[in-house]
Number of protein chains: 2
Amino acid sequence: MSMKVENQLADRTRWRPEFCSIAKTLDLLSTKTTFLVLRECFYGTSRFEDFVNRIPASAPALSRALKQLESAQIVTRVPYRDPGARARDEYRLTPAGEDLLPVVMSLSLWGNKYIYNGSPPFSFVDARTGQPVRVCVTTDNDVPEAQSSDIEIRANFTLD
Amino acid sequence: MSMKVENQLADRTRWRPEFCSIAKTLDLLSTKTTFLVLRECFYGTSRFEDFVNRIPASAPALSRALKQLESAQIVTRVPYRDPGARARDEYRLTPAGEDLLPVVMSLSLWGNKYIYNGSPPFSFVDARTGQPVRVCVTTDNDVPEAQSSDIEIRANFTLD
DNA sequence: CCGTATCCACAACGATACTG
DNA sequence: CAGTATCGTTGTGGATACGG
């Protein structure tokens, strides 16, 4: 159960670090905090204060993670101004950032299955049909692809 | 462009660390080296020496990563014996480990697109049809899902 | 050769304090 | 409130050495 290799050339070179797309992508996302910032972006968080409140990491760590994502062009700062307040920036996913949705979703769905053993606190469903969201590896060209805005977060528990 | 939230309950709780499937999964995969070990497993690597030769990390780091993956039940040791040599163990993905394919593939495909700008050193294609492999987030139930053994690694370059 | 323990170096984090 | 600089602490990696 592993991938096939086309030829000797690929066999000899596929592990070279300079050719490894996974290693290079992980360099951009480097730390766990960075992944969690990304998660929050998909959850709709955009302001620094909210990142601080919603991620178990310190403000300096989050500042570093946001800088990192910004320099990787995964996140971009956009100005906003609350009524009566001075202009500030918020952090939004770029199109490249949006394209990381499969990474975030597949990590989450794997944990739902193997850590929460199929009874996760939250599920992701199609906002209109209620169908569960899946991440699949496929060679089919015609798969209807969901965007983050098509996805709804559903709680599977109640609090007292 | 972000996910919707079903209700106030979900809105108040989705960032709590104890409910975060992504954080918990990342705890298991903790480090970049661990991700690269996982990559090698999908590439068919199973012996310690090969991990050492194919991943730019030291033997102790790889030993730690393999232990980590083993305790997370993503990888399992299976005995083997080369003719004339003494019995040893090799490392193989469990079914849970195989289910991390979308994580590995989505990281790789993202890098192929945004780091190599669409001209990556390696592509992943269907071993029979040659169709490019994709990772998609979908709510469709009928998507034909590819396994790692259906995927071929193709080199997009030549050496002198 | 397979793999791990030890030890040192460095990188990332948190607490704190500070500026706009 | 929105960040960032500093600094002590911790965790992760590499070099080395060692045992099965």
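Quick note on labels: first sequence line is chain A, next is B, and so on, each numbered from 1.
Distance alone, capped at 3.5 Å, places no donor-acceptor pair between the A:Ser63 side chain and the A:Ala59 backbone. Although no hydrogens or angles enter the test, the distance criterion places a donor-acceptor pair under 3.5 Å between the side chain of A:Glu6 and the main chain of B:Ala155.
Salt bridge absent: A:Glu49 and A:Arg47 never bring a charged side-chain N and a carboxylate O closer than 4.0 Å. Here A:Glu70 pairs with A:Arg77 in a salt bridge; the nearest charged N to carboxylate O distance falls below 4.0 Å. With salt bridges taken as basic N to acidic carboxylate O contacts below 4.0 Å, none links B:Arg88 and B:Glu90.
Hydrophobic clustering of Ile, Leu, Val, Met, Phe, Trp and Tyr side chains at less than 4.5 Å, counting indirect connections, unites A:Ile22 with A:Phe19.
Here chain A contacts DNA chain C (any atom closer than 4.0 Å to a heavy atom, that is under 4.0 Å), and the contacts span C:dC13 to C:dG20 from 5' to 3'.
With 3.5 Å as the limit, one finds a donor-acceptor pair spanning the side chains of B:Tyr114 and A:Asp99.
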*How does each nucleotide of nucleotides 4-20 of chain D score, in 5' to 3' order, for protein heavy atoms under 4.0 Å: base (B), sugar-phosphate only (S), or none (-)?*
BB------SBBBB---B

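B:Phe51 and B:Tyr91 have perpendicular rings, their planes meeting at more than 60° on a 0 to 90° scale where under 30° would count as parallel.
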*Apply the test salt bridge (Lys or Arg N to Asp or Glu O under 4.0 Å) to residues A:Asp140 and B:Arg134: give CA-CA distance (whole Å), side-chain angles for both, the deciding distance (0.1 Å), then the verdict.*
CA-CA 8 Å; A:Asp140 193 327; B:Arg134 305 166 49 221; 5.9 Å; no

*Would A:Thr45 and A:Arg54 count as a side-chain hydrogen bond (donor to acceptor under 3.5 Å, both in side chains) if you check the C-alpha gap in whole Å, the side-chain angles of each, and the deciding distance to 0.1 Å?*
CA-CA 9 Å; A:Thr45 300; A:Arg54 295 167 181 181; 2.8 Å; yes

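Taken together, the paired segments of DNA chain D that extend over three or more consecutive Watson-Crick or G-U pairs, each closer than 3.5 Å at both contacts, are C:3-20 with D:1-18.
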